[in-house]
Amino acid sequence: MVGKDAIGIIAKVCSYLAENNLNILDISQTIVQEYFNMMMIVDVTKLEKPFEVMSKELEDIGLGIGVQVKCQREDIFDMMHRI
């Protein structure tokens with residue numbers, strides 16, 4: 001997640017995750033010159049909707065609060081960062 005820092009960014013995203021039975025396993029965030037950057041590792045094993053639907057819903061939440069949200073499956077992330 002990347003965008004201009006604003007009140008409630010983490011709250012909106014975490015509320016969505018909790019409502020959809022998603023557990024945050026790891027989280028990293030920084031704010032540099034008013035820009036918010038956050039990366040989460042989330043357990044989706046209890047997700048009751050397709051991954052693509054969840055990803056789109058989070059993107060839409062991001063648009064509503066002025067940040068860009070991108071979701072990626074772990075296996076794709078791992079393959080992209082292999083040496």
Side-chain angles (χ1 to χ4, degrees):
M1 188 176 337
V2 177
K4 191 99 168 166
D5 190 30
I7 295 170
I9 293 172
I10 297 170
K12 289 195 187 240
V13 171
C14 289
S15 292
Y16 175 88
L17 297 177
E19 291 165 5
N20 286 277
N21 299 314
L22 302 172
N23 187 39
I24 299 168
L25 302 175
D26 197 0
I27 185 170
S28 171
Q29 65 185 35
T30 59
I31 299 172
V32 177
Q33 295 184 352
E34 299 181 26
Y35 284 90
F36 178 81
N37 185 349
M38 180 168 67
M39 185 171 88
M40 290 181 170
I41 298 174
V42 179
D43 180 359
V44 297
T45 56
K46 295 183 181 176
L47 180 63
E48 296 177 358
K49 58 181 78 173
F51 182 87
E52 294 75 19
V53 171
M54 175 213 56
S55 181
K56 176 69 171 122
E57 290 173 349
L58 282 168
E59 284 180 28
D60 291 344
I61 288 170
L63 287 174
I65 55 178
V67 297
Q68 183 180 27
V69 178
K70 296 291 180 190
C71 299
Q72 190 173 55
R73 291 185 178 274
E74 181 181 22
D75 54 345
I76 294 171
F77 180 86
D78 289 344
M79 291 300 279
M80 287 178 55
H81 294 90
R82 259 177 111 180
I83 296 177

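Keep in mind the model is a prediction, meaning the values are calculated, not measured.
The environment of CD in Glu52 is crowded: more than 12 heavy-atom neighbours from other residues, nucleotides or ligands sit within 6.0 Å.
Scored by the side-chain hydrogen bond (donor to acceptor under 3.5 Å, both in side chains) test, Asn37 finds no partners at all (sequence neighbours excluded).
In this structure, OG on Ser55 lies 9.5 Å from CD on Gln72, to the nearest 0.5 angstrom.
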Just list the side-chain donor-acceptor pairs under 3.5 Å for residues 22-36, sequence neighbours left out, or say none.
residue: Glu34; atom: OE1; partner: Lys4; partner atom: NZ; Å: 3.1

Side-chain donor/acceptor pairs under 3.5 Å, residues 56-68, sequence neighbours excluded:
residue: Lys56; atom: NZ; partner: Asp60; partner atom: OD1; Å: 2.8
residue: Glu57; atom: OE1; partner: Tyr16; partner atom: OH; Å: 2.4
residue: Glu57; atom: OE1; partner: Lys49; partner atom: NZ; Å: 2.7
residue: Glu57; atom: OE2; partner: Lys49; partner atom: NZ; Å: 3.4

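Side-chain contact between Met1 and Ile9 is present, with at least one heavy-atom pair separated by less than 4.5 Å.
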Exercise for the section: Kindly indicate, with the supporting measurements, whether the criterion side chain to side chain contact (heavy atoms under 4.5 Å, CB included) is fulfilled by Met38 and Ile10. Expected result: CA-CA 9 Å; Met38 180 168 67; Ile10 297 170; 4.2 Å; yes
Practice task
Applying side chain to side chain contact (heavy atoms under 4.5 Å, CB included), run through Asn21 and Glu48 and close with a yes or a no.
Solution key: CA-CA 8 Å; Asn21 299 314; Glu48 296 177 358; 3.7 Å; yes
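Residue pairs that meet the salt bridge (charged side-chain N to carboxylate O under 4.0 Å, His left out) test with at least one member in residues 13-24, sequence neighbours left out, do not exist here.
Hydrophobic cluster membership differs between Val53 and Leu17, with clusters built from Ile, Leu, Val, Met, Phe, Trp and Tyr side chains linked at under 4.5 angstrom.
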